[in-house]
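Since the structure comes first, as structure tokens, the remarks are kept for the end.
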Amino acid sequence: MTRQQHDLIVIGAGPGGYVAAIRAAQLGLNVGCIEKEAALGGTCLRIGCIPSKALLESSELYHEAQESLAAHGVRCRGVELDLAAMQSRKDKIVGGLAKGVEALLKQRKITRYQGQARFESAGRLAVEGKKPVQLEAKHIIIATGSKPRGLQGVEFDDEYIGTSTEALAYDKVPGHLVVIGAGAIGLELGSVWRRLGAKVTVLEYLDRILPEMDGETAGQAAKIFAKQGIELRLSTRVTAARARKQGAVVEAEGQEPLRCDRVLVAVGRVPNTDGLALDAAGVEIDKSGRIVVSDHFQTNIEGVYAIGDVIRGPMLAHKAEDEGIACVERIVTGYGHVNYDAIPNVVYTQPEIASVGRTAEQLDEQGIAYRKGIFSFRGNARARVLAYAEGQVKILADAKTDRILGVHIIGPRAGDLIAEAAAAIEFGATSEDIARTSHAHPTLAEAMKEAALAVDKRALHG
């Protein structure tokens, strides 16, 4: 087995890992990056964020051609679904972006190793693959992401009962798809297959959807999804799911067994530290399997760090990126910071749902007094022109200082609009700051300004 030495080794080439590697190279470090998969980019690029968004866009266009374009004076006849072409487009996008990541690492002269990383000691790794190698480094960052959570009583078979990985690659539209879990993944993929013609039933243990989102916003979303034909069964405890010939059966407490064609299990994700042999390095994990780190991403072992889905906090690609940059900058410059109050979260359904900062429920629990401003997209000219006027912008501002504490949007292109709110929170802006900022007309962003005005009860168009 050959030996190599680097200043920094990153385990995992997902959004957190490859970005950390690139930033380290920019700062002059000799960097190695280990990824067991042939394609770079991690779960997000290969079997998560990117392929799901490709299918969401394609399925929405198909739905518009069938249902919505007539209102614009565009009449479509004989609209047909070519699922193979839709899947092929998705795969080409993923493949192109993965090659782009590979090119970025080469440009920065980052050494890439393919295989399973395993700790031999705190500063030494073995990479088990086609070309086994032993690596040493003063600094090692663990960025191995997460994997789908299982559910007791549910028997996966990778054909009729599977995770988001399988749901991204169905070769035909299920007649009836049952989704277990009403989080972002379940609702996004449920939306894809509903638009393409499937009957979709979502089973959720809690009494609401999107538990991490603002309650009022999630409630609006549930009503909209119901109108779109997605059946939501809340307060439903799934006890079993088993594959049957040409389909599956799902059992839930107090309900008749539910027969369907496919089952998507989307009940969350758990840290992926399989095969790392963390105990050989003495790295501490908590009862949830997350790696325990300090505020500076340092584990209990000097020189070993962790970022992204393997540590506490929301499992979001951009959170992992920010942590990767902060971790590397801390190693090299002595300073690195992530403002967790300014990390947005987006659900890419139609309409989109986006949030940043704290929810009303969190502020109430913390005893923080706030003022609320809400503006409906029905009063926004651009939303009317786009024919997507459902939803609203909701701004929560501190009652004393007026600083923005949280922004929650459901409506057209909410994922793009939330960036302004994230910047506002990052820089400690007030609702008055946004209200006094000129927003181009006609744009969807005007709804943000109107919501800011509404905090002071002076919205102009609503």
Are [X] and [Y] side-chain neighbours, meaning at least one heavy-atom pair lies under 4.5 Å?
X: M448; Y: V407; result: yes
X: Q350; Y: H63; result: no
X: Q4; Y: Y113; result: yes
X: D82; Y: E80; result: no
X: H176; Y: T201; result: yes
X: E352; Y: I409; result: no
X: Y305; Y: V293; result: no
X: V310; Y: N272; result: no

State, without any angle test, whether H408 and E216 hold a side-chain donor-acceptor pair at a distance under 3.5 Å. no
Verify whether one side chain among E323 and Y340 offers a donor that lies under 3.5 Å from an acceptor in the other. yes
Shortest non-hydrogen separation from [X] to [Y] and the atoms involved:
X: P412; Y: L444; value: O-CD1, 3.6 Å
X: R208; Y: G215; value: NH1-CA, 3.6 Å
X: L189; Y: A167; value: CD1-CB, 4.0 Å
X: I93; Y: A54; value: CD1-CB, 4.1 Å

All pairs passing ring-ring contact (aromatic ring centres under 6.0 Å, His included) where [range] contributes a residue, at least two apart:
range: residues 306-329; value: none
range: residues 13-37; value: none
range: residues 28-58; value: none

Contacts of Y170 that satisfy ring pair (Phe, Tyr, Trp, His ring centres under 6.0 Å) - sequence neighbours left out: W193
Checking F375 now: which residues fulfil ring pair (Phe, Tyr, Trp, His ring centres under 6.0 Å) with it, not counting sequence neighbours? none
Residue list, salt bridge (Lys or Arg N to Asp or Glu O under 4.0 Å) with R112, at least two apart or on another chain: none
Pairing residues for K245 by the salt bridge (Lys or Arg N to Asp or Glu O under 4.0 Å) criterion, not counting sequence neighbours: none
Supply the atom-to-atom distance [X] [atom1] to [Y] [atom2], rounded to the nearest 0.5 angstrom.
X: L168; Y: L55; atom1: CG; atom2: CG; value: 6.0 Å
X: I11; Y: L125; atom1: CD1; atom2: CG; value: 4.5 Å
X: M315; Y: S146; atom1: CE; atom2: OG; value: 5.0 Å
X: I331; Y: D7; atom1: CD1; atom2: CG; value: 10.5 Å

With sequence neighbours left out, write down each residue that passes side chain to side chain donor-acceptor pair (under 3.5 Å) with R195, or none if nothing qualifies. S59, E60
Exactly one of E446, K449, R382 should register a side-chain hydrogen bond (donor to acceptor under 3.5 Å, both in side chains) with H441. Which one does? E446
Among K227, R378, Q220, the one residue meeting side-chain hydrogen bond (donor to acceptor under 3.5 Å, both in side chains) with E390: K227
Going by disulfide (SG to SG under 2.5 Å), name the pairs with one or both residues in residues 46-90, residues two or more places apart or in two chains. C44-C49
Any pair with a residue in residues 90-108 that passes side chain to side chain donor-acceptor pair (under 3.5 Å), sequence neighbours left out, goes on the list, sorted by first then second residue, please. Q87-K90
Which pairs with one or both residues in residues 29-49 pass side chain to side chain donor-acceptor pair (under 3.5 Å), sequence neighbours excluded? H6-N30
Please answer whether the main-chain N or O of I301 pairs with a side-chain N or O of T299 as donor and acceptor at a distance below 3.5 Å. yes
Is D274 salt-bridged to K147, going by a charged N under 4.0 Å from an acidic O? yes
With sequence neighbours excluded, what pairs up with D279 under the side-chain contact (heavy atoms from CB on, under 4.5 Å) test? A277
